[in-house]
Amino acid sequence: GLYFSTEHDYSSMGANTSLTRDFNKRSTTLALKMSYFHDTISPEGGRPDPLAEMRPAWSSQNRLAGDGNKDVMDLGVGWTQVLNRSTVAQLNYTFSRVSGYQTDPYKIVTVVDPTSGAPLRNLYESRPEDRARHVIFGKVNHHLGRDIVSISYRFMTDDWGIISHTLDLTYRWNFSKTKYLRPHFRYYNQGAADFYQRYLVDGDTPTEVSADYRLGDMVAYTVGLKHGRKLANGHDLSFRLEYYMQTGESHPADAIGELKDFDLYPTVGAIIFQVGYSFGL
């Protein structure tokens with residue numbers, strides 16, 4: 001496969017390949033996968049100098065020359081096994097290596113007074129240029145005669161210090177030959193990156209730091225329901241409604257001064273509605 005996408009400040013191109021082999025009268029499947037991507041980051045105003053003081057958008061101060069480049073390589077191996085007439089299990093392992101410019105050019109870190117917690121200035125963030133990530137994913141699908149239940153677990157760890165756990169559960173209730181309801185529940189738990197800090201205290205001199213909440217400790221939940229039906233012409237129509245909520249430690253014990261009175265990790269909520277229509281050619 002070949003891939004290309006572009007935006008006004010970001011472009012990506014890549015390629016992927018896979019090899020799949022069946023064994024044991026096609027009840028066992030092994031798969032090998034590999035992909036490579038090269039991304040170019042061209043932020044508005046140029047790339048900021050990491051940990052330099054933030055300047056107005058029109059200023060050329062504290063900017064690096066040229067675009068940023070990032071290379072991503074993924075290697076994966078997968079195993080799928082038919083356990084019996086009603087159950088299929090899957091286990092995958094993926095190793096990912098990212099090298100190059102990984103700092104978010106639009107993210108900042110606030111420097112605060114060590115006593116009052118009042119903001120003094122804003123610095124551009126700085127992230128490591130290398131990242132190695134390991135992902136283990138397991139899934140079981142079980143047919144109950146009429147309905148289908150699926151449960152999966154994903155474990156991720158990397159050398160940035162992030163560890164995450166994801167549990168996903170769906171139940172497809174086929175209440176007629178052409179209609180179904182599928183409740184969905186997803187739980188996500190993540191530990192913070194080693195260089196994640198909500199803010200810097202004046203006098204701190206880190207070489208790598210980010211206040212991006214996506215790199216912090218968090219718990220997220222997704223609950224939803226999908227309804228699907230097969231139309232008279234054989235096409236499929238579906239409606240999906242889900243609610244997503246992400247929370248973190250809003251009032252950490254080590255907050256300084258007036259920061260104790262602020263919500264330092266506001267809850268993020270989103271409602272997702274999707275309409276799907278599929279047909280064969």
Side-chain angles (χ1 to χ4, degrees), residues 33 72 74-80 88-98 102-104 106-110 125-128 130-142 148-172 182-200 206 208-226 240-255 259-260 262-274:
K33 300 180 180 180
V72 183
D74 292 330
L75 300 173
V77 58
W79 167 72
T80 303
V88 177
Q90 178 183 356
L91 183 64
N92 294 339
Y93 166 75
T94 303
F95 170 77
S96 178
R97 168 73 71 180
V98 186
Q102 300 184 62
T103 295
D104 190 322
Y106 302 118
K107 297 293 184 182
I108 60 172
V109 182
T110 301
E125 71 161 33
S126 175
R127 302 187 190 186
D130 291 292
R131 185 182 188 184
R133 181 168 52 188
H134 305 269
V135 178
I136 298 175
F137 174 82
K139 184 176 183 178
V140 175
N141 293 332
H142 182 67
I148 301 172
V149 60
S150 298
I151 185 170
S152 67
Y153 170 74
R154 178 181 182 271
F155 173 80
M156 192 282 292
T157 183
D158 64 16
D159 55 3
W160 283 10
I162 298 176
I163 297 177
S164 70
H165 306 269
T166 307
L167 180 66
D168 197 287
L169 176 65
T170 61
Y171 186 93
R172 176 165 168 149
R182 194 184 70 176
H184 174 223
F185 173 77
R186 180 180 182 269
Y187 169 79
Y188 179 77
N189 181 288
Q190 174 183 292
D194 296 334
F195 53 88
Y196 170 77
Q197 293 183 241
R198 289 181 173 85
Y199 51 83
L200 290 176
E208 296 165 347
V209 64
S210 175
D212 188 343
Y213 71 91
R214 296 170 297 181
L215 298 177
D217 294 286
M218 73 167 75
V219 176
Y221 302 90
T222 303
V223 292
L225 185 67
K226 181 179 180 179
R240 180 172 69 98
L241 180 64
E242 291 189 332
Y243 177 71
Y244 172 83
M245 182 179 69
Q246 178 179 299
T247 63
E249 190 176 8
S250 300
H251 299 279
D254 59 354
L259 295 178
K260 295 180 182 293
F262 288 91
D263 185 352
L264 299 182
Y265 201 112
T267 298
V268 176
I271 296 175
I272 302 137
F273 178 69
Q274 182 185 59

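Only a predicted model underlies this, so the values are computations on that prediction, with no experimental measurement involved.
The closest donor-acceptor contact from the side chain of Trp160 to the backbone of Leu215 lies at 3.5 Å or more, if one exists at all. Looking at Gln190, its side chain does come within 3.5 Å of a backbone N or O of Gly216 through a donor-acceptor pair.
If you take CD1 on Ile151 and OH on Tyr171, they are separated by 14.0 Å, rounding to the nearest 0.5 Å. To the nearest 0.5 Å, the span separating CZ on Arg154 from CZ on Arg186 amounts to 8.5 Å. From Ile136, atom CD1 reaches atom CG of Leu91 across 7.5 Å, with rounding to the nearest 0.5 Å. With rounding to the nearest 0.5 Å, the separation of CG in Asn189 from OG1 in Thr166 is 9.0 Å.
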Candidate pair Leu241 and Ile271, rule side-chain contact (heavy atoms from CB on, under 4.5 Å), full reasoning: CA-CA 7 Å; Leu241 180 64; Ile271 296 175; 3.9 Å; yes
Evaluation steps, side-chain contact (heavy atoms from CB on, under 4.5 Å), between Ile272 and Tyr244: CA-CA 8 Å; Ile272 302 137; Tyr244 172 83; 4.3 Å; yes
Steps toward side-chain contact (heavy atoms from CB on, under 4.5 Å) verdict (Ile148, Thr170): CA-CA 8 Å; Ile148 301 172; Thr170 61; over 6 Å; no
Audit row: Leu169, Val149, side-chain contact (heavy atoms from CB on, under 4.5 Å) steps and yes/no: CA-CA 8 Å; Leu169 176 65; Val149 60; 4.0 Å; yes
Pair His165-Tyr153, side chain to side chain donor-acceptor pair (under 3.5 Å): steps then yes or no: CA-CA 7 Å; His165 306 269; Tyr153 170 74; 2.7 Å; yes
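Of all heavy-atom pairs between Lys260 and Ala253, the closest is NZ-O, 3.8 Å. Taking each heavy atom of Pro183 and Leu225 in turn, the nearest pair found is N-CD1, 3.7 Å. Summarising the geometry of Gly161 relative to Asp194, their closest heavy-atom pair is CA-OD1, 3.5 Å, with the distance given to 0.1 Å. Between Gly78 and Asn92 the shortest heavy-atom distance is CA-OD1, 3.1 Å. The shortest heavy-atom contact between Tyr188 and Ser164 is OH-CB, 3.4 Å. Among all heavy-atom pairs drawn from Ile108 and Ala211, the shortest one is O-CB, 3.9 Å.
In this model, no donor atom of one side chain and acceptor atom of the other lie less than 3.5 Å apart for Asp74 and Thr94. There is a side-chain donor-acceptor pair under 3.5 Å between Glu125 and Ser210.
Residue pairs meeting the salt bridge (Lys or Arg N to Asp or Glu O under 4.0 Å) criterion with at least one partner in residues 158-170, sequence neighbours excluded, are Arg131-Asp158.
Residues passing the ring pair (Phe, Tyr, Trp, His ring centres under 6.0 Å) test with Phe262, sequence neighbours excluded: none. Here Tyr265 pairs with Gln246 under the side chain to side chain donor-acceptor pair (under 3.5 Å) rule; sequence neighbours left out. Among residues two or more places apart in sequence or in another chain, the side chain to side chain donor-acceptor pair (under 3.5 Å) test is passed with Asp254 by none. Residues passing the side chain to side chain donor-acceptor pair (under 3.5 Å) test with Thr110 are Asn122, sequence neighbours excluded. Phe95 pairs by the ring pair (Phe, Tyr, Trp, His ring centres under 6.0 Å) definition with His134, not counting sequence neighbours. Listed by chain and residue number, Arg127, Arg214 satisfy the salt bridge (Lys or Arg N to Asp or Glu O under 4.0 Å) test with Asp212 (two or more places apart in sequence, or in another chain). Every residue two or more places apart in sequence or in another chain that forms a side chain to side chain contact (heavy atoms under 4.5 Å, CB included) with Ala192 is listed here: Tyr196, Asp217. Taking Glu242 as the reference, Arg240 meet the salt bridge (Lys or Arg N to Asp or Glu O under 4.0 Å) condition, with sequence neighbours excluded. Scored by the ring pair (Phe, Tyr, Trp, His ring centres under 6.0 Å) test, Tyr199 finds no partners at all (sequence neighbours excluded). Take Ser152 and apply the side chain to side chain donor-acceptor pair (under 3.5 Å) test, not counting sequence neighbours, and it matches no residue. Partners of Tyr221 under the ring pair (Phe, Tyr, Trp, His ring centres under 6.0 Å) rule, at least two apart in sequence or in another chain, are Tyr187.
Between Met156 and Arg133 the shortest side-chain heavy-atom distance falls below 4.5 Å. A 4.5 Å side-chain heavy-atom check between Pro252 and Leu264 finds at least one atom pair inside the cut-off. Put simply, the side chain of Lys139 reaches to within 4.5 Å of the side chain of Ser150, judged on heavy atoms. Contact check for Glu249 versus Arg198: side-chain heavy atoms found under the 4.5 Å cut-off.
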